[in-house]
Amino acid sequence: MEKNTDFGSVAALWLGHKKQYVKKSSYALYCTLVGTHLVPFLGAKHEVLEADVQEMVNRELAAGLSQKTVKDILVVLRMILRFGAKSGLIEDHRIDIVFPTRRERTEIQVLTLAHQRLLMNYVKEHFSFRNLGILICLTSGLRIGEICALRWADIDLTAGVIRVRRTIQRIYLDGRTELIEGAPKTVSSIREIPLTRELSALIRPLKKIVKADSYVLSNSPSPTEPRTYRAYFKRLSGIIGLPAMRFHGLRHSFATRCIESKCDYKTVSSIDAMSKMLK
């Protein structure tokens, strides 16, 4: 290929190069951002100028994309342009993008203390492994992919911790979807979370009869898919009469309760203090 190759061709080469070095989930995200956003706007261009990118940004924002999503697209664009310039395929011009000065308001969904008590009481009174997962999320702040990937071996009653080592997600790649299990996205996501005394007491008799390598939510060798668990939580919320909320709201609720209890949620004492607030 010669210099001034069209952007679409450079992007395809970059994806092929990147595939060797990143996780499958990251590669799938790159493919989506390139195929859905960058190539439709810039694919035929042999030179990507600031005005072209600013027009793309303005259109994407007008179409309803969040500033965060657009900034993620720009990160990928800059990686492609650097790759193209280093390979001698395309010019890498300085690009400074202007975003609206009005900040977007992101609604953070959090259960009230009364609604959280209602949910916790319900899942304790109507025991199932799926309901146990909701209780674990409310008292540990696990993400949905992390609770779906949690195995009984990850719950260490002797040490009093939950070890977060994996996550499950469904990705779109090469025209099909695939459920994958792998390490969390960042190093900080690999962590140990203290168990509350109440949760330890609930899990202790279960640990005597379950298999260590089974997934907690299904108590079987097969995991529960995140979208299936989201749908279950939505149905359960309707049965209980909770306000509509995304599953991730459980994580926000956990963090809020920790702040309200004025405790460091990374310590055992803080999580136990939060648990006492909810009784």
Side-chain angles (χ1 to χ4, degrees), residues 22-37 63-66 68-69 72-73 76 106-111 115-116 119-120 122-123 126-155 162-186 189-191 193 210 213-255:
V22 298
K23 294 193 300 182
K24 186 179 287 188
S25 57
S26 297
Y27 177 70
L29 176 60
Y30 291 153
C31 287
T32 299
L33 295 180
V34 170
T36 305
H37 302 284
L65 262 65
S66 68
K68 180 185 181 305
T69 299
D72 289 342
I73 295 169
V76 174
T106 303
E107 180 183 358
I108 298 178
Q109 297 175 312
V110 176
L111 288 168
H115 282 139
Q116 185 160 338
L119 177 58
M120 292 182 74
Y122 182 89
V123 298
H126 300 78
F127 178 82
S128 69
F129 292 111
R130 289 184 298 182
N131 285 351
L132 175 62
I134 290 173
L135 188 60
I136 291 173
C137 290
L138 275 171
T139 57
S140 67
L142 262 65
R143 301 174 178 89
I144 191 165
E146 294 169 344
I147 188 64
C148 289
L150 191 71
R151 299 175 188 258
W152 288 109
D154 299 322
I155 302 177
I162 298 173
R163 294 190 170 92
V164 182
R165 297 292 183 267
R166 296 173 305 281
T167 188
I168 287 176
Q169 60 182 312
R170 181 166 287 280
I171 64 171
Y172 182 83
L173 185 62
D174 298 330
R176 60 185 179 86
T177 64
E178 180 180 347
L179 190 67
I180 63 170
E181 179 177 333
K185 185 174 182 180
T186 63
S189 294
I190 300 174
R191 61 202 189 278
I193 303 174
V210 298
D213 60 348
S214 291
Y215 291 93
V216 172
L217 291 186
S218 62
N219 194 35
S220 77
S222 300
T224 300
E225 186 172 345
R227 65 181 179 184
T228 300
Y229 202 42
R230 284 192 189 93
Y232 174 75
F233 175 68
K234 184 177 180 179
R235 291 195 304 272
L236 182 64
S237 298
I239 291 171
I240 300 174
L242 296 178
M245 185 179 75
R246 295 183 298 116
F247 189 92
H248 198 70
L250 298 181
R251 180 170 164 83
H252 290 312
S253 299
F254 166 75

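Throughout, residue positions are numbered sequentially from 1 according to the sequence presented. These values consider heavy atoms only, across backbone and side chains, with no hydrogens, waters or symmetry-generated copies. This structure is a prediction, so every number in the text was calculated from the model and none was measured.
- Using cut-offs of 30° and 60° on the angle between ring planes, the pair Y122 and H126 is parallel.
- In this structure, R230 CZ and H248 NE2 are separated by 10.0 Å, a value rounded to the nearest 0.5 Å.
- Nearest heavy atom pair, residue H115 against residue L111, reads CB-CD2, 4.0 Å.
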Query - Chi angles and distances behind the side chain to side chain contact (heavy atoms under 4.5 Å, CB included) call for F127, L135 - result: CA-CA 10 Å; F127 178 82; L135 188 60; over 6 Å; no
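- For the atom pair OG1 (T167) and CG (L142), the distance works out to 9.0 Å, reported to the nearest 0.5 Å.
- Q109 and A244 get closest at one heavy-atom pair: NE2-O, 3.8 Å.
- With R151 contributing its side chain and D213 its backbone, the two residues share a donor-acceptor pair below 3.5 Å.
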Report task. Apply side chain to side chain contact (heavy atoms under 4.5 Å, CB included) to the pair M245 and H252, showing each step before the final yes or no. Result -> CA-CA 11 Å; M245 185 179 75; H252 290 312; over 6 Å; no
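- Only one option out of L250, L217, T139 pairs with I134 in a side-chain contact (heavy atoms from CB on, under 4.5 Å); it is L250.
- Contact annotation: the side chain of L138 never approaches that of F254 to less than 4.5 Å [non-hydrogen atoms, C-beta and beyond].
- A 6.0 Å sphere centred on NZ of K234 holds no more than 12 heavy atoms belonging to other residues, nucleotides or ligands.
- To the nearest 0.5 Å, atom CG of residue N131 and atom OH of residue Y232 are 3.5 Å apart.
- With values rounded to the nearest 0.5 angstrom, R170 atom CZ is found 14.0 Å from S25 atom OG.
- Residues T224 and S218 come closest through the heavy atom pair OG1-CB, 3.9 Å.
- Interatomic distance, L29 CG to Q169 CD, rounded to the nearest 0.5 Å: 9.0 Å.
- With a 4.5 Å cut-off on side-chain heavy atoms, D154 and R166 count as touching.
- Separating the OH atom in Y30 from the CD1 atom in I73 is a distance of 13.5 Å, to the nearest 0.5 Å.
- A pairwise comparison of heavy atoms in P223 and C148 identifies CB-O, 4.0 Å as the closest pair.
- Not a single donor-acceptor pair under 3.5 Å links the side chain of R165 to the backbone N or O of G182.
- In terms of heavy atoms, I147 sits closest to I136 at CD1-CG2, 3.9 Å.
- Counting heavy atoms from C-beta on, the side chains of L65 and H37 come closer than 4.5 Å.
- Using bins of under 30°, 30° to 60° and over 60° for the plane-to-plane angle, the ring pair F247/Y229 lands in the tilted bin.
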Report task. Give the C-alpha distance, both sets of side-chain angles, the deciding distance and a yes or no for side chain to side chain contact (heavy atoms under 4.5 Å, CB included) between T32 and I171. Result -> CA-CA 10 Å; T32 299; I171 64 171; over 6 Å; no
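- Looking at heavy atoms from C-beta onward, L179 lies in side-chain contact with P226 at the 4.5 angstrom threshold.
- Shortest non-hydrogen contact noted between S189 and V164 is O-CG1, 3.6 Å.
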Requested in this report: Output, in order, the C-alpha distance, side-chain angles, deciding distance and verdict of side chain to side chain contact (heavy atoms under 4.5 Å, CB included) for L150 and Y215.
Outcome: CA-CA 6 Å; L150 191 71; Y215 291 93; over 6 Å; no
